[in-house]
Amino acid sequence: MTFCTSELVCENHYICLVNMRSRRQFLFGAFALVSILIRLPTFFPTVIDHDESTYIIIASQLLEGKIPYVDNLDVKPIGIYLVFALILKISNSIIAIRLIAALVIALSAFLIYRIHFILFSYDRVAMASGLLYVVCASLHKWSWSANTEIFFQCFSVIALYLLLIARKPVHLMIFGLVTGLGFLIKFHIAFDILAFTVFYFFWRGKRFIPWLSDMMLSFVFFLVPILCLVLIYSKLGYLNELQFAMIAIPSGYASDIGIGHIVQFIAEYYLSFSPVVLLMMVGMWRAFKNRWMMQPQWVLFGLWTVTGWLGIAITGKFFFHYYFQALPAMCLFALTWFMITDDHYGGRIRSYLEKSAGWIFCLLMVTSWLNQYLQVVRKLDTTRIIYDELKEQWRPDDRIYTTGKNILYYLLKTSPPTRYVHTSILYEPSLKQAYRVNSDSEMINIVNLQMDYYVVPEEMHPILKDDIRENFSFIKRFPDDLDLYKRIKIK
């Protein structure tokens with residue numbers, strides 16, 4: 001296999017004269033600009049999905065002194081709420097959340113560029129791989145909200161980069177800390193860590209004792225963020241609440257894994273990125289034909305791909321935003337075919353694709369914008385319409401309960417009347433079982449708090465229906481078949 005390392009000098013000679021730090025800053029800025037522009041239409045809708053809304057509410061409550069898993073309850077590790085709380089502390093807006101998510105994608109793309117260059121020493125393909133990540137992370141609806149996958153995958157690529165440059169114990173210590181912090185955003189990073197640690201054995205020359213020593217050092221520092229969280233909750237007296245949220249709920253939340261469903265889910269993913277997958281398969285075929293598959297680079301690709309899909313499938317829940325975990329490995333290796341110079345048959349195709357890269361990128365950008373317009377922008381922002389109706393008459397001490405638009409709590413600057421912030425927990429049977437919640441008792445508690453407003457569908461819980469019939473008047477029906485009711489009797 002021949003890599004054109006000389007092209008870095010021949011074709012980018014003027015860049016080599018620029019300070020390397022400045023060049024890297026420029027590249028990160030370019031990735032950031034593309035990431036913001038390609039996702040710009042998604043910054044403004046009030047709601048993209050309920051998960052993002054839930055993180056915003058819990059984070060805003062955290063800033064007001066409420067304790068996750070005590071005053072509210074959700075299945076996600078605490079890291080995502082801390083990230084959102086930090087963003088809201090800097091700029092208290094939904095747009096800020098999505099802007100930072102775009103910048104995190106850009107940082108991941110930049111690190112994919114650096115990782116690719118370390119692995120293959122081919123600068124142009126490395127840059128294209130980073131750009132490919134930005135584009136693929138923004139093409140489909142499942143990746144538009146600021147979900148956990150965007151953030152923990154950034155920690156994954158940071159960790160991989162640290163392993164590649166590791167020459168001192170401090171690098172391995174930071175690797176452990178980074179993976180530990182990523183674990184506190186989503187546990188699924190454990191599957192990426194497994195791939196990276198096995199790859200590191202090959203990367204460092206298959207020397208078992210040094211490898212084991214390095215990984216043990218990293219593991220010690222991996223535990224530091226987790227132990228800090230346990231100690232904090234233990235000191236506050238809420239260790240049982242933490243254990244229930246982090247262990248009991250996830251174990252009850254998982255579903256049976258059906259092989260057919262997994263195959264269908266994976267097939268949908270690769271079909272949605274079929275042009276990229278085709279390029280990746282050509283590169284894999286060439287690597288296999290030339291017996292490169294046991295080189296550390298390709299060991300990494302195989303391990304990361306397999307463990308990534310294991311992480312996606314392990315819960316038995318097939319939500320489309322889980323696809324994000326498969327993106328970094330695919331984008332890192334999808335364009336390796338363009339580095340091969342001894343492939344006479346594919347030369348013309350590669351040359352055509354390289355010359356058309358600008359037009360292809362513009363087409364993808366327009367496709368993403370059109371997709372965002374059709375699926376998000378042109379749709380009525382029902383939550384914003386309801387908020388505009390409410391804000392004119394809202395008083396600071398008013399209370400509201402909604403079964404479908406939980407972001408209203410954040411917009412109206414009020415606390416949810418239930419610790420179950422995600423709207424589906426009180427209604428979805430599998431979630432009710434996992435959270436061990438009695439929806440009847442919870443509804444009675446909500447009614448006893450004497451809400452001033454309800455935003456509910458026509459088909460609602462009978463206990464709410466009785467309260468509304470006795471104490472509320474109908475105000476208005478909104479799109480999505482949501483009704484607004486206002487209390488008419490004095491509390």
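This chain uses plain numbering: 1 for the first residue, then up along the sequence. It should be emphasised that the depicted structure is a prediction, and the values quoted were computed from it without experimental measurement.
A perpendicular orientation is assigned to the rings of Phe183 and Phe222, their planes being inclined by more than 60° (bins at 30° and 60°). Between Phe324 and Tyr133, the angle of the ring planes goes over 60°, which puts this pair in the perpendicular group of the 30/60° scheme.
In this structure, Leu37 and Met365 approach most closely via the heavy-atom pair C-SD, 4.4 Å. Pairing each heavy atom of Ala106 with each of Phe28, the nearest pair is C-CE1, 3.9 Å. Nearest heavy-atom pair across Leu335 and Ala128 is CD1-CB, 3.6 Å. Heavy atoms only, all atoms of each residue included: Thr305 and Ala329 are closest at OG1-CB, 4.0 Å. Of all heavy-atom pairs between Val276 and Cys136, the closest is CG2-SG, 4.4 Å. Residues Asp49 and Ser145 approach most closely at OD2-OG, 2.7 Å, considering heavy atoms.
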>> Run the side-chain hydrogen bond (donor to acceptor under 3.5 Å, both in side chains) test on Glu442 and Thr418 for me, step by step, so that the C-alpha distance in whole Å, both residues' side-chain angles and the decisive distance to 0.1 Å come before the verdict.
In response: CA-CA 7 Å; Glu442 199 63 28; Thr418 172; 2.8 Å; yes
> When you look at His422 and Asp51, which way does the side-chain hydrogen bond (donor to acceptor under 3.5 Å, both in side chains) test go after all the steps?
Replying inline: CA-CA 7 Å; His422 199 288; Asp51 286 345; 3.0 Å; yes
>> As a quick check of understanding, evaluate side-chain contact (heavy atoms from CB on, under 4.5 Å) for Ser272 and Tyr323, giving each step before the final call.
In response: CA-CA 11 Å; Ser272 67; Tyr323 280 153; 5.5 Å; no
>> Would Met246 and Phe187 count as a side-chain contact (heavy atoms from CB on, under 4.5 Å) here? Give the steps.
In response: CA-CA 10 Å; Met246 295 294 93; Phe187 298 152; 3.5 Å; yes
>> Under the criterion side-chain hydrogen bond (donor to acceptor under 3.5 Å, both in side chains), I'd like the reasoning laid out for Asn147 against Tyr55: C-alpha separation, chi angles, the key distance, then a yes or no.
In response: CA-CA 9 Å; Asn147 230 313; Tyr55 309 149; 3.2 Å; yes
>> Does Asp123 form a salt bridge (Lys or Arg N to Asp or Glu O under 4.0 Å) with Arg23? I'd like the steps, not just the answer.
In response: CA-CA 12 Å; Asp123 193 65; Arg23 182 172 184 271; 2.5 Å; yes
>> Before you tell me yes or no, could you show the steps for Leu73 and Ile249 under side-chain contact (heavy atoms from CB on, under 4.5 Å), namely the whole-Å CA-CA distance, both residues' side-chain angles and the distance that decides it to 0.1 Å?
In response: CA-CA 10 Å; Leu73 189 57; Ile249 294 177; 4.0 Å; yes
>> For a side-chain hydrogen bond (donor to acceptor under 3.5 Å, both in side chains) check, start with the C-alpha distance between Asn406 and Thr54, then their side-chain angles and the critical distance, and finish with the verdict.
In response: CA-CA 7 Å; Asn406 60 353; Thr54 298; 3.3 Å; yes
> After noting the C-alpha distance and the side-chain angles of Asp74 and Val421, does the key distance pass the side-chain contact (heavy atoms from CB on, under 4.5 Å) rule?
Replying inline: CA-CA 7 Å; Asp74 191 56; Val421 178; over 6 Å; no
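Residues Phe301 and Thr336 fail the side-chain proximity criterion, which asks for heavy atoms closer than 4.5 Å. Counting only heavy atoms from C-beta outward, the side chains of Tyr161 and Ile118 approach each other to under 4.5 Å. The side-chain heavy atoms of Ile94 and Tyr410, taken from C-beta on, include a pair separated by under 4.5 Å. The shortest side-chain heavy-atom distance between Phe273 and Met330 falls under the 4.5 Å cut-off. Within the 4.5 Å cutoff, the side chain of Tyr427 has no heavy atoms near those of the Ser439 side chain. For the pair Phe155/Thr179, no side-chain contact is recorded, criterion being any heavy-atom separation below 4.5 Å from C-beta on. The shortest distance between side-chain heavy atoms of Ile78 and Tyr233 falls below 4.5 Å. Under the 4.5 Å side-chain criterion, counting only non-hydrogen atoms from C-beta, Phe199 is not in contact with Trp304.
Distance check: Ile67 CD1 to Ile58 CD1 gives 13.5 Å after rounding to the nearest 0.5 Å. Interatomic distance, Trp142 CH2 to Glu149 CD, rounded to the nearest 0.5 Å: 9.0 Å. Note that CZ of Arg207 and CG of Leu212 are 13.0 Å apart. Values are rounded to the nearest 0.5 Å. Lys141 contributes atom NZ, which lies 11.0 Å from atom CG of Leu374 (distance to the nearest 0.5 angstrom). Put simply, OG on Ser91 and CD1 on Ile100 are 8.5 Å apart, with the number rounded to the nearest 0.5 Å. Atom CD1 of Ile115 and atom CG of Leu300 lie 8.0 Å apart (nearest 0.5 Å).
Remark: the backbone N or O of Leu364 is not paired with any side-chain donor or acceptor of Ser368 at under 3.5 angstrom. Ser274 places a side-chain N or O within donor-acceptor distance of the main-chain N or O of Leu271, the cut-off being under 3.5 Å. Side-chain N or O atoms of Trp211 include one that pairs as donor or acceptor with a backbone N or O of Thr197 at under 3.5 Å. Between the side chain of Arg39 and the backbone N or O of Ala101 there is no donor-acceptor pair closer than 3.5 Å. Gln153 places no side-chain N or O within 3.5 Å of a backbone atom of Pro328 that could act as its donor or acceptor partner. At least one donor-acceptor pair under 3.5 Å links the side chain of Ser35 to the backbone N or O of Ala102. Side-chain atoms of Ser218 come within 3.5 Å of backbone atoms of Asp214 as a donor-acceptor pair (strictly under, hydrogens ignored). Judged purely by atom type and a 3.5 angstrom limit, Ser213 has no side-chain atom pairing as donor or acceptor with the backbone of Ile209. At distances below 3.5 Å, at least one donor-acceptor pair connects side-chain atoms of Tyr435 with backbone N or O atoms of Val75. No donor-acceptor pair closer than 3.5 Å links the side chain of Arg114 to the backbone N or O of Ala109.
Atom CD of Gln433 sits in a sparse spot, with 12 or fewer heavy atoms from other residues, nucleotides or ligands closer than 6.0 Å. Residue Phe26 qualifies as open at atom CZ: its count of foreign heavy atoms under 6.0 Å is 12 or below.
Two rings, from Tyr69 and Tyr238, have their centers 6.0 Å or more apart. Taking the ring centroids of Phe191 and Trp309, they lie at or beyond the 6.0 Å cut-off.
Among Leu40, Ile48, Ile87, Leu103, the one residue that satisfies the side chain to side chain contact (heavy atoms under 4.5 Å, CB included) test with Arg98 is Ile48.
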